[in-house]
Amino acid sequence: VQLQASGGGLVQAGGSLRLSCAASGSTFSFDAMGWYRQAPGKQRELVASVTSGGSTNYADSVKGRFTLSRENAKNTVYLQMNSLKPEDTAVYYCVATKYRNYWGQGTLVTVSS
């Protein structure tokens, strides 16, 4: 199983970015997919996740600004990030769960003030 993440980059505060993560090489659908992030000097934290049934979970810090969506047929998730803040700067990791966690390679999001 491989997870291919894309969409990171540099944006000014208040701007938007959209991250995508596509899973390949699996013969099954994942129970959950989502994104974690890790800022310099900090622990990796959950940003958002979505189950195969469509239930979503967001970190308090991103509620109302980020939206996670999923295409089950494509094993793909999208993270729409609006009203970005400098504190959103981090490496964002895609994760997919089925019996275990599968991780993507990470994509850097930098928000300038």
Side-chain angles (χ1 to χ4, degrees):
V1 174
Q2 289 188 329
L3 301 181
Q4 183 65 47
S6 61
L10 174 64
V11 65
Q12 289 188 331
S16 299
L17 283 174
R18 188 190 193 214
L19 305 183
S20 299
C21 175
S24 61
S26 67
T27 58
F28 47 80
S29 295
F30 296 97
D31 296 328
M33 297 184 72
W35 293 88
Y36 279 71
R37 67 186 180 186
Q38 187 166 20
K42 294 188 176 181
Q43 290 188 330
R44 192 174 295 191
E45 62 175 358
L46 175 68
V47 177
S49 64
V50 59
T51 67
S52 57
S55 296
T56 53
N57 181 41
Y58 294 93
D60 288 342
S61 59
V62 307
K63 284 180 181 177
R65 301 188 297 120
F66 291 10
T67 302
L68 183 65
S69 58
R70 176 173 178 172
E71 286 190 69
N72 285 335
K74 294 183 179 180
N75 268 342
T76 299
V77 289
Y78 307 95
L79 184 67
Q80 179 65 43
M81 304 185 295
N82 299 328
S83 301
L84 283 160
K85 304 175 180 180
E87 50 263 43
D88 294 318
T89 295
V91 177
Y92 284 69
Y93 295 93
C94 176
V95 62
T97 303
K98 181 72 172 182
Y99 309 124
R100 51 158 285 191
N101 287 335
Y102 299 88
W103 294 92
Q105 81 280 15
T107 185
L108 178 62
V109 172
T110 303
V111 184
S112 63
S113 57

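Heavy-atom basis, side chains included; hydrogens, waters and symmetry copies ignored. In this chain, residues are counted from 1 in sequence order. Quantities reported herein were computed from a predicted structural model and do not represent experimental measurements.
Qualifying side chain to side chain contact (heavy atoms under 4.5 Å, CB included) partners for A22, counting only residues two or more places apart in sequence or in other chains: T76.
Closest non-hydrogen pair, S26 versus N75, comes out as OG-ND2, 3.2 Å. R37 approaches A90 most closely through the heavy-atom pair CB-CB, 3.8 Å. Between T89 and A39, the shortest heavy-atom distance links the atoms O-CB, 3.6 Å.
Other cluster members for L19: V1, L3, V11, L17, F28, F30, M33, W35, V47, V50, Y58, V62, F66, L68, V77, L79, M81, L84, Y92, Y102, V109, V111, joined by side-chain heavy-atom distances under 4.5 Å among Ile, Leu, Val, Met, Phe, Trp and Tyr.
N101 places a side-chain heavy atom less than 4.5 Å from the side chain of W103.
In the model, S16 has a side-chain atom that pairs as donor or acceptor with a side-chain atom of N82 under 3.5 Å.
If you take OH on Y78 and OG1 on T67, they are separated by 14.5 Å, rounding to the nearest 0.5 Å. The structure places OG of S20 at 9.5 Å from CD of E71, a figure rounded to the nearest 0.5 Å.
Checking side-chain atoms of S49 against main-chain N and O of G34 turns up no donor-acceptor pair under 3.5 Å.
Sorted by first and then second residue, the disulfide (SG to SG under 2.5 Å) pairs with a member in residues 64-113 read C21-C94; sequence neighbours excluded.
More than 12 heavy atoms of other residues, nucleotides or ligands lie within 6.0 Å of CD in Q105, so this atom counts as buried by the packing criterion.
Salt-bridge check for D88 with K85: failed, with every basic side-chain N at 4.0 Å or more from each acidic carboxylate O.
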